[in-house]
Amino acid sequence: MIHNDAKRAFLYPTMRCNLKCAICYSGAHKPIVQERMKEELTFEEYKMVVDKLYGMGVRIFDISGGEPLLCEFIYDLIRYIKSYRDTQIYLVSNGTLIEKELSKIAEVITMIDRFQISIDSSNKEIHDEMRGVKGTFERAVKGIQLLQSLNYDGIGINSVITSRNESTVIELLNFAKKK
């Protein structure tokens, strides 16, 4: 059981991303970030980090990035964190790789307490513009549907609200309720 006073850690196992979001803090498509990606931790290094964090009382592990599904050891990291008692995992993804990764996700889905998919607008043109790649809205929605097909109900939607999409917030909330 996780208590309200449980400590949380934010893990970024990779800053690589398949999108080009203008609003993203990771800026994975920028040259300076690509250089920093060479310094990403290995799975063995992440195991040591998780060990230390757990020893310090961390029980909630919020995993994002970049796009965490691009991390070659993401599923091993999820399993490792869940080998500890009373841990929770919140995974934040842009949702576009769920179809490709579905069989691997299915193996660990019960270990993920919350799977947050980034959708910035229920208007696909606005969403795709904000994410910098056409077709991302459909792929993210399909990702949600595929997670639901696994009888998974821990799905959430993350949004970055800007002047570009603020007029669609109510529609996005209604969209989220339907999904």
Side-chain angles (χ1 to χ4, degrees), residues 8-30 33-34 36-47 49-50 60-84 87-122 124 127-160 172 175-176 178-179:
R8 175 184 289 205
F10 294 86
L11 307 180
Y12 305 91
T14 186
M15 295 310 281
R16 288 181 290 138
C17 190
N18 57 324
L19 301 184
K20 297 176 179 156
C21 309
I23 42 88
C24 187
Y25 58 86
S26 79
H29 54 285
K30 297 176 183 170
V33 176
Q34 291 173 1
R36 284 191 205 131
M37 286 183 221
K38 296 175 185 172
E39 302 169 9
E40 291 180 350
L41 299 179
T42 65
F43 177 53
E44 291 304 315
E45 291 169 321
Y46 254 105
K47 284 168 55 175
V49 169
V50 169
I60 301 171
F61 293 84
D62 198 314
I63 304 172
S64 61
E67 172 52 49
L69 297 182
L70 287 173
C71 175
E72 57 275 355
F73 58 82
I74 190 63
Y75 306 105
D76 291 327
L77 180 60
I78 289 167
R79 287 183 187 95
Y80 190 75
I81 291 169
K82 281 300 195 170
S83 72
Y84 279 104
T87 55
Q88 286 188 0
I89 294 176
Y90 303 159
L91 186 71
V92 180
S93 169
N94 62 40
T96 62
L97 299 174
I98 292 172
E99 183 173 21
K100 178 179 176 250
E101 295 288 313
L102 191 61
S103 64
K104 294 175 187 173
I105 291 169
E107 294 175 14
V108 298
I109 195 69
T110 60
M111 299 178 195
I112 301 170
D113 297 278
R114 196 84 179 137
F115 207 128
Q116 297 287 129
I117 307 299
S118 298
I119 297 184
D120 298 314
S121 177
S122 58
K124 69 181 182 179
H127 172 83
D128 288 0
E129 177 187 317
M130 291 180 69
R131 295 289 156 175
V133 177
K134 287 188 185 245
T136 58
F137 178 80
E138 282 96 0
R139 289 168 55 203
V141 170
K142 176 136 189 192
I144 291 171
Q145 293 166 341
L146 290 169
L147 292 176
Q148 290 170 328
S149 76
L150 298 174
N151 295 314
Y152 181 71
D153 65 355
I155 303 165
I157 292 179
N158 275 358
S159 299
V160 176
L172 180 60
F175 170 83
K178 286 189 246 176
K179 294 295 169 199

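Residues passing the side chain to side chain donor-acceptor pair (under 3.5 Å) test with E72 are R16, sequence neighbours excluded. N18 meets the side chain to side chain donor-acceptor pair (under 3.5 Å) test with N94, T96; sequence neighbours excluded. For F61, the ring pair (Phe, Tyr, Trp, His ring centres under 6.0 Å) test picks out no residue, with sequence neighbours left out. Residues satisfying the side-chain contact (heavy atoms from CB on, under 4.5 Å) criterion with F10, sequence neighbours excluded, are R8, Y12, D62. Looking at residues two or more places apart in sequence or on another chain, you find a side-chain contact (heavy atoms from CB on, under 4.5 Å) between Q116 and V92, R114, N158. When the side-chain contact (heavy atoms from CB on, under 4.5 Å) test is applied to E138, the partners found at least two apart in sequence or on another chain are K124, D128. Under the ring pair (Phe, Tyr, Trp, His ring centres under 6.0 Å) criterion, Y75 pairs with no residue at all, not counting sequence neighbours. In terms of the side chain to side chain donor-acceptor pair (under 3.5 Å) criterion, K104 has no residue partners (sequence neighbours excluded). Here E45 pairs with nothing under the salt bridge (charged side-chain N to carboxylate O under 4.0 Å, His left out) rule; sequence neighbours left out. Applying the side chain to side chain donor-acceptor pair (under 3.5 Å) criterion to S122, with sequence neighbours excluded, gives no partner residue. With sequence neighbours left out, the side-chain contact (heavy atoms from CB on, under 4.5 Å) criterion links D113 to K82, Q88, I89, Y90. Listed by chain and number, the residues in a salt bridge (charged side-chain N to carboxylate O under 4.0 Å, His left out) with K142 are E99 (sequence neighbours excluded).
Ring geometry for F137 against F175 counts as tilted: the plane angle lies between 30° and 60°, on a 0 to 90° scale. Classified by interplanar angle (parallel below 30°, tilted 30° to 60°, perpendicular above 60°), the ring pair F43/F73 is tilted.
For the 3.5 Å distance criterion, the side chains of E67 and T14 fail to qualify, holding no donor opposite an acceptor.
T87 places a side-chain N or O within 3.5 Å of a backbone atom of I81 that can act as its donor or acceptor partner.
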*Under the salt bridge (charged side-chain N to carboxylate O under 4.0 Å, His left out) rule, what do E129 and K134 come out as? Steps first, then yes or no, please.*
CA-CA 7 Å; E129 177 187 317; K134 287 188 185 245; over 6 Å; no
